[in-house]
Every structure is written in structure tokens, then in C-alpha cells.
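Everything quoted here is computed from the prediction, not taken from an experiment. Along the sequence shown, the residues carry numbers beginning at 1.
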Amino acid sequence: MGRKLSPRHRHQRHRRGGIRQSPFAQLQNPHPPVEILSADELESIHRASLEVLENTGMNFLLPEAREILRRAGAEVDKSGARVRFDRALVEQAMASAPPVFTMRARNPAHDLIFGGSHINFSTVGSPPNATDLERGRRSGNRADFCDFLKLTQCINAAQFTSGHPVEPVDIAPAVRHLEATLAMVELTDKIFRIYSLGRQRVLDNLAMTRMVFGVDDAGLAQEPRVYTVVNANSPLQYDAPMLWGMMELAARRQPVVVTPFTLAGAMAPVTLAGALAQQNAEALAGMAFVQLVEPGAPVMYGGFTSNVDMKTGSPAFGTPEYAKAALIGAQLARRCRVPFRSSNVNASNAPDAQAVYESQMSLWAAVMGHANFVHHALGWLEGGLSASFEKFILDAEMIQMMAEFLKPVEVNPAELALEAIEDVGPGGHFFAAAHTLERYEHAFYQPLVSDWRNFETWSEDGAADATRRAHRLYKRLLKEYRQPPLDPAVREELHEFVARRKAEGGAPVQ
């Protein structure tokens, strides 16, 4: 991956698993980012964040992490977990964070660039339930987990995995990280994620990553090949398992996506400005910590501020407040000169109109804010409690449309079509014009799910709505899935490692 499509090929459609879809490509946003805060307003939020870190501070629940911070000059409570940061320490640490980095997949065609104007879409990560039209909502399991991975490989819009697309709860927690990572490596050849759920799990998965790429620890540190997403336990706290992940990945210069989960009115102030000040404080503390562990290690600023329904306390996603917070979060990340992570989220309980219009709010904010990593981009449903097979396909359609929207409009003599206009003249039509016949196959976006037939034809063919068509398409893709090649020696080494670690009991349950 990482290549740009030439003008001659950029309208071509690729068939993956027999499905006509847009090609896998490194996407870039040619438009200026939408910025809804002035420079002064943005600076006010940033200064407020630094005041929070200086005066209130954050809890770091891992003694080893507090010792790193103490040696770096942070003020660490002698009898507790509280750490306070001088603003100069934060700014000095953040100065070493890279603004752009490239992640390597085991298939180089699926490498991706994070930062600048590049935008990348990942699958949903970590819902406890799976759902589809036939079988309804059920607990996450190995079979559905693997089916989502197969769809990830088949769908070009799914550029990389965000960990477990649904949690396979039928795999014992002590060994789940081993079985799940093995499946991610075998069933896809795209970038994958490590979960920061304690030191041993991280070390196991880093060992598997080294096997996949045929490198030792020093070789792994040469290029980003695997990443983790770390959530602050808002408000103002980092838990020990997450901190272990940050430390182990940073030491090997693998990317850490630091993402506070700040719900305005619940885990953060009810005002957007206050919630974003807290988000920024938590993000700065986490990213600065990574830099203090290993200066220059890749980090990403994750924004996940939304609001709750004040009548029920339920999280709301894809709201106007969420969209504004995402745009401002991107501004704050650019101020820090680091890549930004946003999400494609909604609060609908079904893959229906609500799911789509809330997702469109989320996607537009991510795209026009210049997010570099759109997390949960395919399959998120029910506020993140379910992974939907139909929504996965509907999201792929929306992402393809976004990608098409990002392509620049060509303006040149051939595109201006003056000869065609002259040939057709007043009162004619362009269906049979030579200009049209030369271009019609690739002139316009061709949909994955949308049905553009007239009402009569659609009705006679069963009157299937978009959700039903998405259901049929996901079923077809699973039937046509082909596993990507993997070096037999690497496969054997991975299976031997997993078998040995399972025999040893896996990792302790946190």
C-alpha cells in the first residue's frame, strides 16, 4: 500500500471476491481542514489543559510509570498515585513526537501513512456482541470474530484492523490474546493491533509480531509494524495494564494511540469547552509519558469526546456535539504536531436510518477535520456494544463515497468537453456522443450497496432495502473469501509459540 493511483487508473474498479468495489489505496484529503475554533479559542483550551496538569494532575496507577515521570522532573505524590506536570516538561516531551509515520503490513501493498493529509479507515474494535439480520444479537464468539476478519480482508475500504472486530468471549481470557492475534495474522494481511491489557499479553503479542516480520527487538524498533490504543480512565487516570502497554510499545518505537474517553456530562464537564480541556490534558499527559519512555516513539492523539443523553445517562454518538468535538480535537492534535484519531460511531440499536445518519455526522467530521485514523469505521452499532455485519457493508459504501469525494476534479481541455458540446448542440443528448462512449464505464462512482434501478424493477426483484442488500453482500463475500498467503515457516513458528504459551497457562487475568 502507500501508493497513489495515477489519473489513468484512479477511476478503475477492482473486483475482490467477485464484488465490484473501489481499489485499496492510500487516501489523502486535498481540501483544507475545517477549523471551528479561532486560534485564540484553541489556545485557551490548551492553556486550560496545562493548568489541569499542573494543578490537579493525573493518577498513574503503575509505580514503574510514576518512577519514569519522577526521574523526568514531574511532581509525584510520595503517598499516592497523583502526578503533576510542569507545562515546560509537557512541551519539551511533545517536541520529540513524529508528525508523520508509516506503518508496515505483512503485505507491503497494505502499508499506510499516518499524519499530514493522509486518512485511513479501520474496522470496529472490541464490541462484546455480534449481530446480523438472520441470527440477531448474540455474544461475541470465535466464529463471528473470524468472519469479521474475513470481511476485513475482502473489503478494500477496511484498510486495517482495530483489534478484535468482535470480542471472542468463548476463548478463555488467559489465552484469548494468543488465539485472536494468530487469527488476525492468518486471516488478513493488513495492519493489526495489540491490546494493552497487562504486560504479559503485550510481550506475547510483540513476540508474535517479531515472528510475522522476521525481526528481533532491534529490528522491530526500526519501523512501526503494530500499534496499540490506550484509553485514559476518565477523568484523569491511567490504569496499570494500559501503562504497561504504553511502556513496552514505546520502548520498541511502535505507535501508541492515546485516546481519552470523555463523555460530557458523565466523565467530563457538561460543556464542550470543559470536556475538551480535560480530553486534551489526558491526551497530553499520555503522549508526553510515551515520549519520556522513548523520545521519538510514534504517538497519535485520539479524540473520543461525545455527550450523554441527560434523560437516561446513555452515551450518544454521531451527535452535533460529537462532530464539533471531533473537529476541535483535530485542531488540538495539529497544534501538537501529531496525527489524529477519530471514529465512525452511532448510537442506533439497528443498522437502520439512524445508524447511517449518525455515522455520516461522524464521518464528515473525521474527513473534514483531517483525521488520520478513523477508528471503528466499519461495523460499529449500539454505541459500540455490537458489531453488525450489515453495518460493516453499509459503512464500506459510505467510506468508498467519501474516498471518491476526496478525488480532485480534473479541469483540462478534454474534461471541459467543448467539442462534445459543439457536436451535440442545442436540444440534443450526450448518451451517444463519442466523448461519453470513451468514458462511460469509469465516469462516475459505482456503488457497492445502493440500488439505482427504477421503482418497478426494484419491486419486481423483491424490493430489498439497503440493509437487506448489505446482508446478502456480506454472505456472498464470506463464501468467496480466500485466505491470504503466509510463509509456512512463519505459520509453524506462530503455532508452536501459541501452543507453548497456552500450555504454560497464557497470561494472568487482570
Side-chain angles (χ1 to χ4, degrees), residues 45-97 173 194-203 228-252 256-271 273-295 297 299 301-302 304-305 332 336 507-510:
I45 290 177
H46 187 75
R47 285 197 301 269
S49 303
L50 294 175
E51 288 186 29
V52 169
L53 293 178
E54 283 185 331
N55 300 326
T56 305
M58 287 194 62
N59 286 349
F60 281 71
L61 301 186
L62 183 66
E64 291 86 344
R66 294 197 297 274
E67 179 58 21
I68 291 171
L69 292 166
R70 186 194 64 77
R71 291 199 305 266
E75 179 188 332
V76 179
D77 282 1
K78 294 181 180 179
S79 58
R82 189 71 58 89
V83 178
R84 293 174 177 84
F85 294 78
D86 180 84
R87 65 187 60 200
L89 174 61
V90 173
E91 292 170 353
Q92 181 181 359
M94 288 300 299
S96 62
I194 284 177
Y195 279 90
S196 290
L197 297 175
R199 190 182 191 192
Q200 188 57 57
R201 286 177 175 78
V202 171
L203 293 176
T228 191
V229 176
V230 168
N231 296 118
N233 185 2
S234 303
L236 302 174
Q237 184 162 279
Y238 280 104
D239 292 337
M242 294 285 180
L243 288 165
W244 274 123
M246 296 166 82
M247 291 164 58
E248 296 297 346
L249 265 78
R252 295 160 180 82
V256 178
V257 185
V258 180
T259 310
F261 185 19
T262 40
L263 289 175
M267 296 117 72
V270 73
T271 56
L276 286 163
Q278 180 184 309
Q279 170 191 288
N280 198 51
E282 294 174 356
L284 286 171
M287 293 188 294
F289 173 68
V290 169
Q291 296 307 302
L292 293 172
V293 172
E294 178 65 27
V299 291
Y301 184 131
F304 206 64
T305 291
L332 290 164
C336 298
V509 178
Q510 299 295 321

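- The CD atom of E75 sits 12.5 Å away from atom CG of L53, with the distance rounded to the nearest 0.5 Å.
- Within 6.0 Å of the CD atom in E294, the count of heavy atoms belonging to other residues, nucleotides or ligands exceeds 12.
- The nearest pair of heavy atoms linking T228 to Y195 is OG1-C, 4.1 Å.
- Just one residue in the list V52, L284, L69 forms a side chain to side chain contact (heavy atoms under 4.5 Å, CB included) with F85, and that residue is L69.
- Counting only heavy atoms from C-beta outward, the side chains of V83 and M58 never approach each other to under 4.5 Å.
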Subject >> Trace of the side chain to side chain contact (heavy atoms under 4.5 Å, CB included) decision for L89 with L292 >> reply: CA-CA 10 Å; L89 174 61; L292 293 172; 4.2 Å; yes
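- What you find for A288 and M94 is that their closest heavy atoms are N-SD, 3.8 Å.
- When all heavy atoms of A250 and V290 are compared, the pair lying nearest together is CB-CG1, 3.8 Å.
- Nearest heavy atoms, S49 versus A277: OG-O, 2.9 Å.
- No salt bridge links R47 with E51; every basic N to acidic carboxylate O contact stays at or beyond 4.0 Å.
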Original post:
Is there a ring-ring contact (aromatic ring centres under 6.0 Å, His included) between Y238 and F289 once you walk through the steps?
Top reply: CA-CA 11 Å; Y238 280 104; F289 173 68; 7.9 Å; no
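- Here the straight-line distance linking atom CZ of R201 with atom OG of S196 works out to 11.5 Å at 0.5 Å rounding.
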Original post:
Taking it one step at a time, do N55 and R84 satisfy side chain to side chain contact (heavy atoms under 4.5 Å, CB included)?
Top reply: CA-CA 7 Å; N55 300 326; R84 293 174 177 84; over 6 Å; no
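- Between N280 and Y301, some side-chain heavy-atom pair lies under the 4.5 Å cut-off.
- Counting heavy atoms from C-beta outward, E67 and E64 have side chains that stay 4.5 Å or more apart.
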Original post:
Under the side chain to side chain contact (heavy atoms under 4.5 Å, CB included) criterion, do D86 and E54 qualify, and how do the steps go?
Top reply: CA-CA 5 Å; D86 180 84; E54 283 185 331; 3.9 Å; yes
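- Scanning all heavy atoms of the two residues, the minimum distance from G198 to P241 falls at N-CB, 3.4 Å.
- For the pair R82/T56, a side-chain contact is recorded, criterion being any heavy-atom separation below 4.5 Å from C-beta on.
- Taking the charged nitrogens against the carboxylate oxygens, R66 and D77 have no contact shorter than 4.0 Å, which rules out a salt bridge.
- To the nearest 0.5 Å, the span separating NE2 on H46 from CG on L276 amounts to 13.5 Å.
- Annotation: the span from F304 atom CZ to T259 atom OG1 amounts to 8.5 Å, rounded to 0.5 Å.
- When only modelled atom types and interatomic distance are considered, Q278 and T262 share no side-chain donor-acceptor pair under 3.5 Å.
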**OP:** Test E248 against I194 for side chain to side chain contact (heavy atoms under 4.5 Å, CB included), laying out the working first.
**Re:** CA-CA 11 Å; E248 296 297 346; I194 284 177; over 6 Å; no
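- Rounding to the nearest 0.5 Å gives a distance of 10.0 Å between CG of L236 and CZ of F60.
- Rounding to the nearest 0.5 Å gives a distance of 11.5 Å between CE of M267 and CD of Q279.
- Heavy-atom minimum distance, V293 versus A251: CG1-N, 4.2 Å.
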